[in-house]
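Below is one structure; the comments refer to it alone.
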Amino acid sequence: MGLFDVFKKKDAPSKREESRVAIEAPATIEVQAGAGIVCAPVTGTLVAMSEVPDPVFSSEVLGRGCAVWPASDVVRAPVSGEVTVTMGHAAGIKSDDGIEVLVHVGIDTVNLEGKGFTGYVAAGDRVVAGQPLLAMDRAAIAAAGYKDCVIVAVSNSAAFSSVELAADANAEIQAGAAALRVAR
């Protein structure tokens with residue numbers, strides 16, 4: 001850098017870059033990743049999709065999967081791949097091995113219109129399993145009268161022969177541990 005470079009006008013960051021600079025994400029964690037493995041996005045109690053208190057998810061209309069009643073606030077990528085969509089309370093990821101995963105925080109939390117959530121990624125980003133996707137304010141979700149379970153749905157379940165729990169239902173699970181096993 002030359003003496004006068006400090007006076008040069010720098011290109012303004014894009015809105016997307018500004019939002020990322022302002023909000024620093026927690027560190028990525030180690031995960032039990034592998035082909036056909038979908039990791040728990042948050043630490044808590046793992047439950048079968050049929051136990052989710054929302055008929056759209058429990059009937060598996062949006063795909064087979066599971067949910068975690070969270071004990072922590074940071075929601076992490078359950079697979080490595082490309083972020084296909086982000087909403088305040090949810091993110092979609094297409095994994096490197098073709099598994100399309102929807103990570104949805106809470107029941108009816110779409111009504112919060114993003115309040116109580118901090119996003120760390122945007123559509124088009126490449127993520128690795130264990131990388132933070134978003135943070136949730138569990139107290140704000142509860143105060144608004146909503147449940148905060150973190151749902152993981154394999155939205156292209158029909159492309160696979162099975163989508164099954166990789167851990168015991170109703171047991172504690174750590175973020176990054178294998179939660180689902182997906183087979184072709």
Provide the closest heavy-atom pair for [X] versus [Y] in the form atom of the first, atom of the second, distance.
X	Y	answer
W69	P53	CZ2-CD, 3.8 Å
S50	S58	O-CB, 3.8 Å
L134	G119	CB-CA, 4.2 Å
Q32	I37	O-CG2, 3.3 Å

Checklist entry - Do M136 and V83 belong together in a cluster built from hydrophobic side chains that touch within less than 4.5 Å? => result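 Result: yes, single cluster for both.
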
Next on the checklist: Do L112 and M87 sit in one hydrophobic cluster, given that two such residues count as connected whenever their side-chain heavy atoms are within less than 4.5 Å of each other, even indirectly?
Outcome noted: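 Unlinked, L112 and M87 end up in two clusters.
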
Checklist entry - Could you go step by step and tell me if F117 and I141 meet the side chain to side chain contact (heavy atoms under 4.5 Å, CB included) rule? => result CA-CA 9 Å; F117 298 96; I141 293 168; 3.7 Å; yes

Checklist entry - Once the angle between the rings of H104 and H89 is folded into 0 to 90°, is it parallel (under 30°), tilted (30 to 60°) or perpendicular (over 60°)? => result perpendicular

Next on the checklist: S155 and side-chain contact (heavy atoms from CB on, under 4.5 Å): which single residue from R64, E100, K94 fits?
Outcome noted: E100

Checklist entry - Only one of V74, T86, V42, V103 forms a side-chain contact (heavy atoms from CB on, under 4.5 Å) with L133, so which one is it? => result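 Only match with L133 under side-chain contact (heavy atoms from CB on, under 4.5 Å): V103.
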
Item to check | Ionic contact status for R126 with D96, cut-off 4.0 Å | outcome: yes

Item to check | Flag side-chain contact, heavy atom, 4.5 Å: V68 against I173 | outcome: yes

